[in-house]
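Step one of this worksheet: look at the structure below.
Worth saying up front: this structure is predicted, and the values here are computed from it rather than measured. We count ligands from 1, going down the list as the structure has it; atoms in each ligand are counted the same way. Only heavy atoms go into these numbers, but all of them, side chains included; no hydrogens, no water, no symmetry mates.
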Amino acid sequence: MKLGFLASHNGSNMQAIIDACRSGQIKAAPVVVISNNPDSGALQRARRESIPACHLSSRSHPDPAALEQAILQALQQHETELVILAGYMKKLGPAIISAYRNRILNIHPSLLPAYGGHGMYGEKVHHAVLQAGEKETGASVHLVDEHYDNGRILAQTRVPVQPSDNINTLAARVLQQEHELYVQTVADIVTGKLPLP
Ligand code: GRF
């Protein structure tokens, strides 16, 4: 199976999946990395791994419809079969979602549907979890549809919140679990153990 990635920042989840492809834990090939951020760690990682890397954003394509087509073309040109969002901070347009219906995954650092939705991303999620005094949080891998953090949940992992946690310690503990969860979920999709609709 050919995997295409969209990532905006560091790309550590993407790297975990690439590493698992290289080691054979995931029987798939990373074929393209797309980022809206020309300086992202994700693009640097892609270049280091010799995976085709493109910067596509409102800077390269000021017209949103043209940008959406450029992203779709990049995915299709590399024959992407499964699209993996890994810290991608932009909403995908409807043409991409319908071209890859039920074939786009995202990871979110909470136990969805809790602490998800528009504006709930990155540190804001962990801040809200701590503010609410939750004893437990986690991460979720879900299918992407037209709404934020809304598609079918495919897999979740639970992470304890410690009384001494701050945003950084909690984010780091969750991120470590995200890597394992995302790798295992993609591996299970590729083998068919986790069938997509
Ligand atoms: C992760 O916490 C992910 O859940 C969220 O953004 C972060 C991305 O981290 N969507 P990285 O870029 O994969 O290191």
Side-chain angles (χ1 to χ4, degrees), residues 3-22 25-26 28 30 32-49 51 53-57 71 82-92 96-97 104-130 134 136-161 165-187 189:
L3 311 180
F5 295 88
L6 288 134
S8 298
H9 297 301
N10 181 22
S12 71
N13 276 292
M14 181 192 85
Q15 185 74 56
I17 293 170
I18 292 170
D19 291 347
C21 291
R22 304 292 192 223
Q25 189 188 351
I26 297 176
V32 65
V33 174
I34 299 165
S35 183
N36 60 304
N37 173 2
D39 304 317
S40 63
L43 286 182
Q44 289 171 20
R45 291 174 191 274
R47 293 191 192 104
R48 216 179 295 143
E49 299 280 348
I51 299 166
C54 356
H55 161 234
L56 296 172
S57 71
I71 294 171
L82 187 66
V83 179
I84 297 179
L85 307 189
Y88 186 60
M89 303 310 287
K90 298 287 173 186
K91 203 163 192 222
L92 289 178
I96 298 173
I97 292 174
I104 308 175
L105 310 182
N106 184 40
I107 190 158
H108 184 82
S110 76
L111 291 171
L112 288 175
Y115 304 103
H118 189 40
M120 198 49 100
Y121 58 87
E123 291 191 347
K124 293 184 184 193
V125 177
H126 305 300
H127 177 74
V129 165
L130 290 170
E134 300 284 2
E136 188 177 64
T137 183
S140 308
V141 176
H142 65 93
L143 289 172
V144 173
D145 66 14
E146 286 79 0
H147 308 285
Y148 284 106
D149 302 327
N150 183 67
R152 184 199 285 194
I153 294 168
L154 298 174
Q156 289 185 311
T157 189
R158 294 176 178 277
V159 177
V161 179
D165 268 333
N166 57 40
I167 291 178
N168 292 336
T169 57
L170 185 57
R173 190 176 315 114
V174 172
L175 186 61
Q176 204 179 357
Q177 294 306 309
E178 285 181 49
H179 296 164
E180 288 185 27
L181 180 72
Y182 221 175
V183 166
Q184 192 57 52
T185 306
V186 174
I189 289 169

Inset, instruction - Compute whether any side-chain donor of one residue and acceptor of the other, for Ser12 and His179, lie under 3.5 angstrom apart. - result: yes

Inset, instruction - Would you tell me whether Ser8 and Asn36 have side-chain atoms, one donor and one acceptor, within less than 3.5 Å of each other? - result: yes

Closest approach of any protein heavy atom to [atom], naming residue and atom:
{"atom": "atom 14 (O) of ligand 1", "value": "Ser12 OG, 2.5 Å"}
{"atom": "atom 8 (C) of ligand 1", "value": "Gly87 CA, 3.8 Å"}
{"atom": "atom 9 (O) of ligand 1", "value": "Asn13 ND2, 3.9 Å"}
{"atom": "atom 10 (N) of ligand 1", "value": "Ile107 O, 3.3 Å"}

Inset, instruction - Using distance alone, decide if ligand 1 has a nitrogen or oxygen within less than 3.5 Å of any nitrogen or oxygen in Asn106. - result: no

Legend entry - Salt bridge present between Glu49 and Arg22 (N-O < 4.0 angstrom): yes

Legend entry - Gln176 atom CD, neighbour heavy-atom count above 12 within 6.0 Å: no

Inset, instruction - Determine whether more than 12 heavy atoms belonging to other residues, nucleotides or ligands lie under 6.0 Å from atom NE2 of His127. - result: no

Inset, instruction - Answer yes or no for Ala7: is there a heavy-atom contact with ligand 1 below 4.0 Å? - result: no

Inset, instruction - Could you tell me whether ligand 1 has any atom less than 4.0 Å away from a heavy atom of Gly11? - result: yes

Inset, instruction - State, to 0.1 Å, how close His9 and Ser40 come at their nearest heavy-atom pair, and which atoms those are. - result: O-CB, 3.5 Å

Inset, instruction - Taking only heavy atoms of Glu178 into account, list the atoms of ligand 1 that are under 4.0 Å away from them. - result: 1 (C), 2 (O), 3 (C), 4 (O)

